There are 2 protein chains.
Amino acid sequence: MQARATGPTIDDVFHALGDPTRRAIVERLSQRPESMSDLAAPFDMSLAAVGQHVQVLERSGLVRTEKIGRTRTCEINPLGMALARQWLEARRRLWETRFDRLADFLGENEDGAD
Amino acid sequence: MQARATGPTIDDVFHALGDPTRRAIVERLSQRPESMSDLAAPFDMSLAAVGQHVQVLERSGLVRTEKIGRTRTCEINPLGMALARQWLEARRRLWETRFDRLADFLGENEDGAD
DNA sequence: ATAATACTGAAGTTCAGGCTTTAGTATTCC
DNA sequence: GGAATACTAAAGCCTGAACTTCAGTATTAT
């Protein structure tokens, strides 16, 4: 039955980044990959809880994991970050072109043009 | 009593962007400023609910509003977007330098290059 | 002045999501 | 083999946050 054939959505990404613990995990993994236990150690919560956060991050394309033997290693997945960045950039383009049009409008009605 | 003297935090911004309705609001406002009512119209929820979302967006620095007469006009505030973008960029720099160091390591142990 | 509009505040309801605990499974060590 | 390690799945608890409704204020229109 192959659920979740499609990749992560923008909603997945921003929902994942909305939680401070998950952002902290992303920050740590931005520096180096880590095992589940090492990753969980500094947090004031159970290993299981951190595991759940990692699952959310994985589904959102922000983290990639691989299990070797009995340890699972987690590392950053650029895909999720790219999705987030693209969304922000797209919005920025929109309101910047709005400002440009405003500037054009002000510009052509200024001075002795025409 | 002047609460909230300090500006919006990263947590405010990403929490705000974590909700799909609020992202939809940001998308609309990226195109043009709108009154509360106009903004709320297309959403399948009460005006009050949209108003609450706008408050969250305002506290997070993603939206700016101004009340003139009895209508409140909402528009994008670049500050929040900038905060989000900065956070993403900072993480990206981290793991990219990690990759660079890896590349350097591989490079210096390869071929005769120096 | 009265009515209509455009919000705004407050209180209550509901539910998703973050956490815990417990009980597993798979792997490595001795 | 048995004991320790490293997760993982499942169940339940609990809080925060999203939404509603309703009542209230300020502004504009007639």
Side-chain angles (χ1 to χ4, degrees), chain A residues 1 3-4 8-29 32-75 80, chain B residues 1 3-4 8-29 32-75 80:
Chain A
M1 192 173 93
R4 225 189 214 291
T9 64
I10 288 290
D11 194 47
D12 292 330
V13 176
F14 279 107
H15 171 252
L17 291 175
D19 181 88
T21 304
R22 283 194 291 263
R23 279 199 313 281
I25 290 176
V26 168
E27 294 191 6
R28 286 180 63 81
L29 295 181
R32 73 192 68 78
E34 284 193 273
S35 75
M36 223 61 166
S37 323
D38 287 356
L39 187 59
F43 290 102
D44 187 21
M45 69 180 66
S46 71
L47 173 65
V50 172
Q52 284 164 11
H53 281 304
V54 169
Q55 277 190 16
V56 172
L57 288 166
E58 197 166 11
R59 270 185 263 122
S60 72
L62 284 159
V63 163
R64 201 188 300 135
T65 75
E66 187 189 9
K67 188 156 189 175
I68 295 175
R70 61 184 167 177
T71 82
R72 178 176 297 274
T73 306
C74 311
E75 65 175 345
Chain B
M1 192 169 109
R4 213 164 223 309
T9 64
I10 288 290
D11 195 46
D12 292 330
V13 176
F14 278 107
H15 170 253
L17 290 176
D19 181 89
T21 304
R22 284 195 290 264
R23 280 199 313 281
I25 291 176
V26 168
E27 293 191 7
R28 286 181 63 80
L29 295 181
R32 73 192 68 78
E34 284 192 275
S35 76
M36 224 61 166
S37 323
D38 288 354
L39 187 59
F43 291 102
D44 187 21
M45 70 180 67
S46 70
L47 174 65
V50 173
Q52 285 163 10
H53 281 304
V54 169
Q55 277 191 18
V56 172
L57 288 166
E58 198 166 11
R59 271 184 263 124
S60 72
L62 285 159
V63 163
R64 200 189 301 134
T65 75
E66 187 189 9
K67 189 157 189 176
I68 295 177
R70 62 185 166 177
T71 83
R72 177 176 297 273
T73 306
C74 311
E75 65 175 345

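Chain naming here is simple, since letters A, B, ... match the order of the sequence lines and numbering starts at 1 in each. Just so it is clear, the structure is predicted and the values come from calculations on it, not from any experiment.
Looking at B/Arg32 and B/Glu34, their side chains come closer than 4.5 Å, going by heavy atoms from C-beta outward. The shortest distance between side-chain heavy atoms of A/His15 and A/Arg59 does not fall below 4.5 Å. With a 4.5 Å cut-off on side-chain heavy atoms, B/Ile68 and B/Thr73 do not count as touching. Taking the side chain as every heavy atom from C-beta outward, A/Arg28 and A/Phe43 approach each other to under 4.5 Å.
In this model, the phosphate group of C/dT25 is not approached by any side-chain N or O of A/Arg70 to a distance below 4.0 Å at OP1 or OP2. Side-chain N/O atoms of A/Arg72 include none lying less than 4.0 angstrom from OP1 or OP2 on D/dA6. At C/dT8, one or more side-chain N or O atoms of B/Lys67 fall inside 4.0 Å of OP1 or OP2 (strictly under the cut-off).
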Give each protein N/O atom lying under 3.5 Å from an N/O atom of nucleotides 12-21 of chain C, with the pair distance.
from	atom 1	to	atom 2	distance (Å)
C/dG18	OP1	A/Arg22	NH2	3.0
C/dG18	OP2	A/Arg22	NH1	3.1
C/dC19	OP2	A/His53	NE2	2.2
C/dT20	OP2	A/Ser46	N	2.7
C/dT20	OP2	A/Ser46	OG	3.0
C/dT20	O4	A/Gln52	NE2	3.1

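One interatomic measurement links the two molecules: CE of B/Met36 to P of D/dA26, which rounds to 17 Å at whole-angstrom precision. Rounding to whole angstrom units, CD of residue B/Glu66 and P of D/dA26 are separated by 19 Å.
Proximity of a side-chain donor or acceptor of A/Arg72 to a complementary backbone N or O of A/Met36 within less than 3.5 Å is not detected. One N or O on the side chain of A/Arg23 and one on the backbone of A/Leu17 form a donor-acceptor pair closer than 3.5 Å.
A/Gly69 comes within 4.0 angstrom of sugar-phosphate atoms only, judged by non-hydrogen atoms across all strands, and of no base.
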